[in-house]
Amino acid sequence: MFFSIIIPLYNRPQEIKELLSTLCKQTYMQFEVLVIEDGSVKDAKDIVASFENKLDVKYFYKENSGQGFSRNFGFERAKGDYFIIFDSDILVPSDYLETVKDYLFEHQLDAFGGPDAAHESFTPVQKAISYAMTSPFTTGGIRGNKKHIGQFHPRSFNMGISREVYEKVGGFILTRLGEDIEYSIRIHENGFKIGLIPAAKVYHKRRTSFTQFYKQLHFFGRARINIYKHFPSELKLVHFFPAVFTLGLGFVILCNIFYTPLAYVGNFLVLLYFLLIFFHAWQLNKSIKIAFLSVIASFIQLTAYGLGFIQDFVKRVIFRN
């Protein structure tokens, strides 16, 4: 089984160096790497070239078109039986490809995804962000998890498809705003088998600051409405949770401003929720600092996603713009 690893890259030369370094340590070496530089100002050509004696790696530079269409560029040039999509901000465990290969031989999936986790080298903020994006007490609990809601949708930070899927379904038709979910839905509608490979995890850095994290999650909230516009049935009640949380938090703030009795109830519920997150994060990471930062990260995750969701729901669903 031969894999083609496809990595879109935009102005992140240091990230690709770290990612390629982890790919050099794979226990299963039947793979090629295609790095697609998507119109970057800070290109990584020399960095990628430094790995040519360690990996079967190819570097391509193209005009900027977004990650979805950059992946298509890689699909067109890939030689593998399976195409694996990675984001540039991940680290790959040494047994990743061997795990995937063994699982595919046993289960015969046409498309797959895997979970993400925090690496021990991550900063406390990165570990807190990873907690928020994977916790069962936030919307992270339905992403890359066995207990997903409805049909499993692989996410493009850690996603694979067979060559047969690409030849029948084609590539991405969206380049941003939920392009991986839309692609996964089309794969499923064409009768292909999609599944989670629980042990095929990657270490996902995501963002290095809470400001960057807010912008990313606001974008994710908007992306959910973009998916709804293409596939109305894919908007589930669980997707409204961050918006409901955000509106509820705004209501509690107003209750405090106007000194209404409901403020006490609201404050208690908010405190209880964040204490739950604090102690759960503390138990997982064995660090009070990371637990405290996880509360902040979870607050940002829910409100940023909620505001993005509300913004585009009002604009594109209610007013149909």
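- The shortest non-hydrogen separation linking Ala132 to Thr138 is O-OG1, 2.6 Å.
- Across Phe274, Tyr273, Phe137, a single residue satisfies ring pair (Phe, Tyr, Trp, His ring centres under 6.0 Å) together with His280, and that is Phe137.
- The main-chain N or O of Phe2 is found under 3.5 Å from a side-chain atom of Asp81 such that the two form a donor-acceptor pair.
- Without hydrogens or angle criteria, Arg163 side chain to Ala78 main chain gives a donor-acceptor distance under 3.5 Å.
- A donor-acceptor contact shorter than 3.5 Å links the side chain of Ser50 to the backbone of Ile47.
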Pair Leu97-Thr27, side-chain contact (heavy atoms from CB on, under 4.5 Å): steps then yes or no
CA-CA 8 Å; Leu97 289 176; Thr27 56; over 6 Å; no
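- Few gaps surround OH on Tyr59; more than 12 heavy atoms of other groups in view lie less than 6.0 Å from it.
- Between Leu109 and Phe112 the shortest side-chain heavy-atom distance falls below 4.5 Å.
- Inter-residue side-chain proximity for Leu55 and Cys24 is flagged as met; some heavy-atom pair is nearer than 4.5 Å.
- Note that CG of Leu34 and CD1 of Ile5 are 9.5 Å apart. Values are rounded to the nearest 0.5 Å.
- Rounding to the nearest 0.5 Å gives a distance of 10.5 Å between OH of Tyr183 and CD1 of Ile173.
- In this structure, Glu32 and Val57 have side chains that are not in contact, with every pair of non-hydrogen atoms separated by 4.5 Å or more.
- Annotation: side chain of Gln67 is in contact with side chain of Glu179 (closest heavy-atom distance under 4.5 Å).
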Could you go through Arg224 and Ile181, starting from their C-alpha distance and side-chain angles, then the distance that decides it, and tell me whether this counts as side-chain contact (heavy atoms from CB on, under 4.5 Å)?
CA-CA 9 Å; Arg224 177 51 61 181; Ile181 301 176; 3.3 Å; yes
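- Geometric assessment of Lys315 against the ring of Phe319 yields a negative cation-pi assignment under the 6.0 Å and 45° thresholds.
- In summary, the side chains of Asn226 and Arg316 do present a donor paired with an acceptor at a separation below 3.5 Å, with no hydrogens or angles considered.
- Side-chain atoms of Asn11 come within 3.5 Å of backbone N or O of Val41 as a donor-acceptor pair.
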Using the rule given for side-chain contact (heavy atoms from CB on, under 4.5 Å), can you reason through Gln212 versus Lys215, listing the C-alpha separation, both sets of side-chain angles and the distance that settles it, and then say yes or no?
CA-CA 5 Å; Gln212 293 175 326; Lys215 292 177 180 178; 5.8 Å; no
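- The shortest distance between side-chain heavy atoms of Val33 and Leu23 falls below 4.5 Å.
- Atom CD of Glu167 sits in a crowded spot, with more than 12 heavy atoms from other residues, nucleotides or ligands closer than 6.0 Å.
- The side-chain tip of Lys101 does not point at the ring of Phe3 from less than 6.0 angstrom away and within 45° of straight on.
- Asp38 contributes no side-chain N or O that, together with a main-chain N or O of Tyr10, makes up a donor-acceptor pair within less than 3.5 Å.
- In this structure, CD1 in Ile296 is found 12.0 Å from CZ in Phe213, a value given to the nearest 0.5 Å.
- When atom types are taken as modelled, the side chain of His119 and the backbone of Ser121 share a donor-acceptor pair closer than 3.5 angstrom.
- Side-chain contact between Ile129 and Gln301 is absent, with no heavy atoms from C-beta onward closer than 4.5 Å.
- Hydrophobic clustering of Ile, Leu, Val, Met, Phe, Trp and Tyr side chains at less than 4.5 Å, counting indirect connections, keeps Phe122 apart from Met133.
- The minimum heavy-atom distance linking Gln311 with His218 is given by the pair OE1-CE1, 3.2 Å.
- Heavy atoms from other residues, nucleotides or ligands lying under 6.0 Å from CG of Leu237 number 12 at most.
- Proximity of Glu189 to Ile185: side-chain heavy atoms (C-beta onward) are separated by under 4.5 Å at one or more points.
- Taking the ring centre of Phe73 as origin, the terminal cationic atom of Arg71 falls outside the region bounded by 6.0 Å and 45° from the ring axis.
- Taking all atoms of both residues into account, the shortest heavy-atom contact from Ile310 to Ala243 is CG1-CB, 3.8 Å.
- Judged purely by atom type and a 3.5 angstrom limit, Asp43 uses its side chain to pair as donor or acceptor with the backbone of Lys45.
- The CD1 atom of Ile85 sits 11.5 Å away from atom OG of Ser4, with the distance rounded to the nearest 0.5 Å.
- Annotation: cation-pi geometry not satisfied between Arg186 and Phe231 (NZ/CZ under 6.0 angstrom from ring centroid, within 45° of ring axis).
- Between Asp312 and Arg222, at least one side-chain N (NZ, or NE/NH1/NH2) sits under 4.0 Å from a carboxylate O, which counts as a salt bridge.
- Within 6.0 Å of CZ on Phe292 lie no more than 12 heavy atoms contributed by other residues, nucleotides or ligands.
- Between the NZ atom in Lys58 and the CD atom in Glu52 there is a gap of 10.0 Å [rounded to 0.5 Å].
- The aromatic rings of Phe245 and Phe241 lie tilted to each other, with the angle between the two planes from 30° to 60°.
- Around atom NZ of Lys229, more than 12 heavy atoms belonging to other residues, nucleotides or ligands sit under 6.0 Å away.
- Without hydrogens or angle criteria, Thr175 side chain to Ser65 main chain gives a donor-acceptor distance under 3.5 Å.
- When each of Ile90, Val92, Val202 is paired with Thr22, the side chain to side chain contact (heavy atoms under 4.5 Å, CB included) condition holds for Val92 and for no other.
- Looking at Phe86, Tyr203, Phe31, Tyr28 one by one, the single match for ring pair (Phe, Tyr, Trp, His ring centres under 6.0 Å) with Tyr96 turns out to be Phe86.
- The distance from atom CD1 of Ile161 to atom OH of Tyr82, rounded to the nearest 0.5 Å, is 10.5 Å.
- Listed here is the closest heavy atom pair of Ala199 and Thr99: CB-CG2, 3.7 Å.
- Atom OH of Tyr103 has more than 12 heavy atoms from other residues, nucleotides or ligands within 6.0 Å.
- By the 30° and 60° cut-offs, the orientation of the rings of Phe75 relative to Phe172 is parallel.
- Listed for the Tyr61 side chain is a donor-acceptor partner under 3.5 Å among the backbone atoms of Ser40.
- His153 and Asp180 are not linked by any side-chain donor-acceptor pair at a separation below 3.5 angstrom, with hydrogens and angles left out of the test.
- What you find for Gly178 and Ala223 is that their closest heavy atoms are N-CB, 3.3 Å.
- Two residues are said to be in side-chain contact when any heavy atoms from C-beta on lie closer than 4.5 Å; Ile84 and Ile6 fail this criterion.
- What you find for Ala297 and Ala128 is that their closest heavy atoms are CB-O, 3.5 Å.
- In the hydrophobic clustering of ILVMFWY residues, with side-chain heavy atoms under 4.5 Å counting as a link, Val244 and Phe309 come out together.
- A donor-acceptor pair under 3.5 Å is absent between the side-chain atoms of Lys201 and the main chain of Pro198, judged by distance alone.
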